[in-house]
2 protein chains.
Amino acid sequence: MAAKGDKGGGDLARGMDLLWGTADRPSRGPKPSMSVERITGTAIEIADAEGLAAVSMQRIAAAFGFTTMSLYRYVPSKAELVALMIDTAIGDRPDLESVPGGWRDRLADWARQCLRLFVRHRWLIEATGGHRIMGPNELGWLDAALAVLADAGFPPVEQHDAFLLLNGHVRSVAQNMTGADRLRVDEWSAALGERLRRHGDRYPALVAAMRGGGYSQPAAEPLEFGLRCLLDGLEKLLAEAPGTPPGR
Amino acid sequence: MAAKGDKGGGDLARGMDLLWGTADRPSRGPKPSMSVERITGTAIEIADAEGLAAVSMQRIAAAFGFTTMSLYRYVPSKAELVALMIDTAIGDRPDLESVPGGWRDRLADWARQCLRLFVRHRWLIEATGGHRIMGPNELGWLDAALAVLADAGFPPVEQHDAFLLLNGHVRSVAQNMTGADRLRVDEWSAALGERLRRHGDRYPALVAAMRGGGYSQPAAEPLEFGLRCLLDGLEKLLAEAPGTPPGR
DNA sequence: CGAAAACTGTTTATGCCGCACACTGTTTTG
DNA sequence: CAAAACAGTGTGCGGCATAAACAGTTTTCG
């Protein structure tokens, strides 16, 4: 009943079963040559190497030596496959309990590990745009961060807001980093400089910042800078809160 | 020489000319029935109403009663058209000088206006993912924020970092907001609750936060919350800086 | 034991998409 | 008045996700 019982959900439920591993394997027909895991893994490899746009059903099937349509015996649609790719690439939740220091250090560690993920799988930012239904691993990362925030003494609503803030910052940094090497940095700043030379009077602050060296290096440590600001802000919020003592 | 002289840039240069209005209109042939502006405007209308995915060359041309290929007389590629859509939708830079208060209020105003933009044109977040070559209006918004930051006393490198931080937060909030109505909120939390009921033991902090009401409302004021944290952090940074006096 | 059911992988086809290319017809310039 | 430059069209290519019908294989049940 768990696997097939509630058919009302339709494709939503089927995809969920894949994500959560709730599937009873059939016993009737021939043995499958592939598997959801292997398909997902191959898709991730393609995306890592050539970007998300290179991941097509044909491309994946060709890597196995099968036809395009054979994949649909394992995965209901490409959207579901991408969801599987996401949750697989995200992997197990980070272990923050063993991080030395206070809640700031743990959150910083969460952010750094998250960023590493986005760098290893550059397509993740693109794939996780928008409000999706989260997979088990994604929920794990959320839970890990919420646990730290709760422990620090933030009330539930602020836990939510703070997570969104932290996650947003990491995503933002990742987006800039990964975008920066798809378009060469020097090419980018060359194009910018060219236009500024012609229209510099329209952008005085930008010109001044460039002259001051603000854009010579590709943003020193954007993650750490924002992290510091952000954690400082959260700490101040905590200090000004009425009467919630630090959790433990 | 300005318009066509440097042909080395290829498609990059041609698209730039469109963005910056550097184009000498031809005089030889028949009068064009459409214009880049009208095409861009129609494309934006479609995107506003039906999302970025609904914007296809066929769809746009059909809105004019012309064939698909006719559009390529005005725009070199769809990518360029999207770039035009972006810069047109962004529009003129915000006027922050008339905002009463200090640099915090001005930056907050920048963020709110930026968010309004992302809400009005939901496709903007999707379209502006990645590190692109910025158009004139986009540069204008950047310049406006940098001016405030410079005036507040931040050195160039930190202006850059702070802008990235602020922009990232707005984008993050926008992404969550706009994603939230494409997938109905109640449907989303229903799916989440269903899984938590089954696997709640794996996500103790999430369950606790939900019980505490952290997810009953769809994140009270995510922009303002993060804005406050972020500005507090920046202010602290400024206060701890060695010897830079506040600009004005 | 044999038929039916369940399952795997293939073939074929549909309707999108961006876009290259060759074509016709129009307007201006020399 | 011819040549050049341009506007819009029609055709076609390669790629995409995926629906539907199909053949072959393995298990289950009467």
Side-chain angles (χ1 to χ4, degrees), chain A residues 3-4 7 10-11 14-15 17-18 23-40 42-43 46-47 50-85 123 126-127, chain B residues 3-4 7 10-11 14-15 17-18 23-40 42-43 46-47 50-85 123 126-127:
Chain A
K4 280 186 172 180
K7 205 184 168 189
D11 58 345
R14 187 155 40 140
D17 284 344
L18 280 179
D24 39 355
R25 64 276 161 76
S27 58
R28 211 64 81 106
K31 287 170 191 170
S33 320
M34 303 184 268
S35 72
V36 179
E37 289 75 20
R38 298 219 303 142
I39 291 174
T40 306
T42 304
I46 296 173
E50 303 171 45
L52 192 59
V55 176
S56 73
M57 301 305 263
Q58 303 198 24
R59 187 84 174 63
I60 301 169
F64 282 100
F66 289 105
T67 60
T68 307
M69 292 309 293
S70 64
L71 295 181
Y72 288 94
R73 293 286 168 200
Y74 300 84
V75 162
S77 73
K78 191 189 176 181
E80 295 292 347
L81 175 57
V82 173
L84 283 166
M85 289 172 63
W123 48 272
E126 187 181 343
Chain B
K4 277 185 174 180
K7 205 185 170 189
D11 56 347
R14 187 156 40 142
D17 283 343
L18 280 178
D24 39 355
R25 65 280 161 73
S27 59
R28 209 65 79 107
K31 288 170 192 171
S33 321
M34 303 184 268
S35 72
V36 179
E37 289 75 20
R38 298 218 304 143
I39 290 174
T40 306
T42 305
I46 296 173
E50 303 171 45
L52 193 60
V55 177
S56 74
M57 301 306 262
Q58 303 198 22
R59 187 85 175 61
I60 301 169
F64 282 99
F66 287 106
T67 60
T68 306
M69 292 312 292
S70 65
L71 296 181
Y72 288 94
R73 293 284 167 198
Y74 300 84
V75 162
S77 74
K78 191 189 176 181
E80 295 294 346
L81 175 57
V82 173
L84 283 167
M85 289 172 63
W123 49 273
E126 186 181 345

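So you know, we letter chains A, B, ... as the sequences are listed, proteins then strands, and number each from 1. All values reported here derive from a predicted model rather than from experimental measurement.
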Nearest-nucleotide comparison on DNA chain D, the residue closer to the 5′ end among A:S77 and B:S33: B:S33
Please state how far atom [atom1] in [X] lies from atom [atom2] in [N], giving the value in whole angstrom units.
X	N	atom1	atom2	value
B:L52	C:dC17	CG	C1'	14 Å
A:K78	D:dG15	NZ	C1'	11 Å
A:Y72	D:dA21	OH	P	18 Å
A:M69	C:dC7	CE	P	18 Å
A:E50	D:dG15	CD	C1'	15 Å
B:L71	D:dA7	CG	P	13 Å
A:R73	D:dA23	CZ	C1'	12 Å

Side chain to side chain contact (heavy atoms under 4.5 Å, CB included) between A:L81 and A:I60, intermediate numbers included: CA-CA 11 Å; A:L81 175 57; A:I60 301 169; 3.5 Å; yes
What side-chain donor-acceptor pairs closer than 3.5 Å can you find for residues 61-79 of chain B, not counting sequence neighbours?
from	atom 1	to	atom 2	distance (Å)
B:S70	OG	B:T67	O	2.6
B:Y74	OH	B:S33	N	3.3
B:Y74	OH	B:M34	N	3.1
B:S77	OG	B:A79	N	3.4
B:S77	OG	B:E80	N	3.3
B:K78	NZ	B:V55	O	2.8

Side-chain N,O (A:Y74) to OP1/OP2 (C:dG9) below 4.0 Å: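 For C:dG9, OP1 or OP2 has a side-chain N or O of A:Y74 closer than 4.0 Å.
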Gap separating the CE atom of A:M85 from the CD1 atom of A:I39, nearest 0.5 angstrom: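 Atom-to-atom, A:M85:CE and A:I39:CD1 are 12.0 Å apart.
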With sequence neighbours excluded, residues passing salt bridge (charged side-chain N to carboxylate O under 4.0 Å, His left out) with A:E50: A:R59
Residues in salt bridge (charged side-chain N to carboxylate O under 4.0 Å, His left out) contact with B:R38, at least two apart in sequence or another chain: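 By the salt bridge (charged side-chain N to carboxylate O under 4.0 Å, His left out) rule, B:R38 matches no residue at all.
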Closest nucleotide among C:dT10, D:dG10, C:dT8 to the A:T67 side chain: C:dT10
Candidate nucleotides D:dT9, D:dA20, D:dA7, ranked by approach to the side chain of B:S70 - the nearest: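 Closest nucleotide to the B:S70 side chain: D:dT9.
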Heavy-atom check, side chain of A:R28 versus side chain of A:P26, under 4.5 Å: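 Sidechains of A:P26 and A:R28: no contact.
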Test item: B:Q58 and B:S56 side chains (from C-beta on) under 4.5 Å apart, heavy atoms: yes
Any pair counted as salt bridge (charged side-chain N to carboxylate O under 4.0 Å, His left out), so long as it reaches residues 62-71 of chain B, sequence neighbours left out: none
Contact list (N/O, under 3.5 angstrom) for nucleotides 24-27 of chain D vs protein:
from	atom 1	to	atom 2	distance (Å)
D:dT26	O2	A:R28	O	3.0
D:dT27	O4'	A:R28	O	3.0

Contacting residues from residues 56-66 of chain A, given that a heavy atom lies under 4.0 angstrom of DNA chain D: A:S56, A:M57, A:Q58
